[in-house]
Structures are given as structure tokens and as C-alpha cells.
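Only one structure is covered here, and it is reproduced in the block below.
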Amino acid sequence: MNSILDSRPDLTKVINDVAEVTGYLWQNGWAERNGGNITVNITEFVDAEMAAMPAIAPIQPIGKTLPFLKGKYFYAKGTGKRMRDLARLPMQNGAIIRICDDCASYEIIADEPVMPTSELPSHLALQNYLLETGSCYKATLHTHPIELVAMSHNERFLRPDEMTRVLWSMIPETLAFAPLGIGIVPYTLPGSVELADATLEQIRHHDVVLWEKHGTVAVGKDIMDAFDQTDVLCKAAKIYMCARLMGFEPDGMTPEAVREVQQVFNLPTKRPC
Ligand code: 2HA
Ligand code: ZN
């Protein structure tokens, strides 16, 4: 069967990276059944032939009007599709969509009429924000990392400053690679516009957002980067949990040691691009 990826090596590389990452999500135990979703802005790879491709399914509403998305193209994981299946067959478990001129609806153009992710309002609201701010970030990743979700069941870790402080203090690399820390969104119905709005507020100032008792959302320059952001914070959560399993509350790096890393490595206080 023909695929939009045929004779498009650059686009194929992006989709193959998504497939590689979805394999990691499954192996990490972060992607039970159809858990999690991904979108990647692929507009830079669109050629005249792609731009002329007709919709292969009825136009659908996004649920929000997102003015910076007009005419943009995204790869999106399909709703109800499994990450572990996407790892083998990305174009049968995800689709390429085009945002319509009303900026409030989208059409699927390839390869198959796979309806995109149930969290599309959140993903596209983040993509709209990235374009609005001129960011070079292209990917959004929602997944269910076990240890971070477990921590969100405790009131102490629903305080974003406390959660960030504990994670940063587990290992210097957490601070170095997630210098904006983790934001928290109190429990909100999955797939809702309210969840999208709350996520957007938090991602402005954080590397990753934790949805209470649900999962994480990360943005990245590409899908590998969004995965790394999540992975770095989850590693810190694992170390915290290992210490607790050994029967003690970990000391954590001292505030002075944390400040030293921030200063010596000149860590950014906002997203680099
Ligand atoms: O796609 O994870 O939050 C399934 C989900 C919804
Ligand atoms: Zn989810």
C-alpha cells in the first residue's frame, strides 16, 4: 500500500523517531493499553503534493480555536491505539492531520482514517503556544510514568515547588536537564478543554507538567527530547522511591549544592528556544 512516507526520507525519519520512542514508553511500563499520546509538528516537511492531498475522513472539531495552527500539519497518535503497536506500524496507529482555515477543526490526509488522540485539545493548545511564542519545539508527549504518577497521590508532592525541589535534589543531572522543573495540574477530566487550559498555563514555566493521578505532558525540540525530559524526571522519582523502599527518606542534595550546579552550569530560567 502507498504511504505518504514513500520518497520522503526526512518525514520518514521523524515518524521513525516517534516509533522508536513509543517502544521505549511501552518497555518502561508507561503505556498500558492505549495510554498516552503524541503529536509532532511536521509542517516543515510539507511539499506541494502533500499540500494538495484531500481529506480522507470528515472534518472534525478540535474543541478550541487555535489561531497559530492555521494550515499546519501534525502527526498524531490515533485514539485507542497502542504505543507498542505504533512502534511497529506508525502509519496504521497514527495519522497526518491538517488544521483547517477556521483554526478550530482538522482533517486527516494520510495514510488511513485513524482518528487522532483523545487528548488532542491539550496537544494542539501546546502546539499553538509553541508557534505563538516562536519556539523551535515541535513535539508533545503525554504518557503515564509510574513513579511520577504515584508521587502525585500525595498532597506533599502536589505542591509544585516541593515536588521540583525533591526531584532536583536526587541527582545533579535532573537539575541540569530539567532546569525549569515540573508543574502540577490538579486532577481534571482526561481529554477536556479545562485540562488543556491548565496544562498550557503550567508548561509556560516548566519542562514537564504532571497531571495529578494521571500522567505527564512534556514538550521537546523533537520527540526524543520530549521523551528525555520525562525520563530525566522519572529517574529522579525512581531514586526517591528506591530510598523509601530501603526504609529511609533520602537526604537529597543540600540547597547549597543545588545552587552551585545552577550557577556553575549557568542553567536557563526559560526554554532555550
Ligand atoms: O490516550 O492517555 O489521557 C489515552 C490517554 C488519555
Ligand atoms: Zn493519559
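Computed from a prediction, not measured in an experiment: that's the story for all the values here. As the structure lists them, so they are numbered: ligands from 1, and atoms in each ligand from 1.
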For His144, the ligand 1 atoms whose distance to one of its heavy atoms is below 4.0 Å: 2 (O)
Any side-chain donor near an acceptor of the partner, Trp211 and Thr199, under 3.5 Å: yes
Ion pair check, Glu49 and Arg8, cut-off under 4.0 Å: yes
N/O separation below 3.5 Å, Lys77 to ligand 1: no
Atoms in ligand 1 flagged as close to Ser118, the criterion being non-hydrogen separation under 4.0 Å: 1 (O), 6 (C)
Positive for side chain to side chain contact (heavy atoms under 4.5 Å, CB included) with Leu141, one of Val18, Val219, Leu25: Leu25
Pro190, any N or O under 3.5 Å of ligand 1 N or O: no
Protein heavy-atom partner closest to atom 4 (C) of ligand 1 - residue, atom, separation in Å: Asn34 O, 3.5 Å
Gln127-Thr39 side chain donor-acceptor pair, cut-off 3.5 Å: yes
Residue and atom name of the nearest protein heavy atom (relative to atom 2 (O) of ligand 1), distance in Å to one decimal: Gly36 N, 2.8 Å
Geometry at the Zn ion (ligand 2) - His214 NE2 versus His144 NE2 angle, rounded to 10 degrees: 100°
Taking atom 6 (C) of ligand 1 as the reference point, the nearest protein heavy atom with its distance: Glu119 OE2, 3.2 Å
NZ/NE/NH1/NH2 to OD/OE distance under 4.0 Å, Glu173 and Lys235: no
Side chain proximity check, Leu189 to Leu195, heavy atoms < 4.5 angstrom: no
Distance-only N or O hit between ligand 1 and His142, under 3.5 Å: yes
Lys/Arg N to Asp/Glu carboxylate O, Glu249 vs Arg156, below 4.0 Å: yes
Atom 1 (O) of ligand 1 [closest protein heavy-atom partner, distance rounded to 0.1 Å]: Asn37 ND2, 2.6 Å
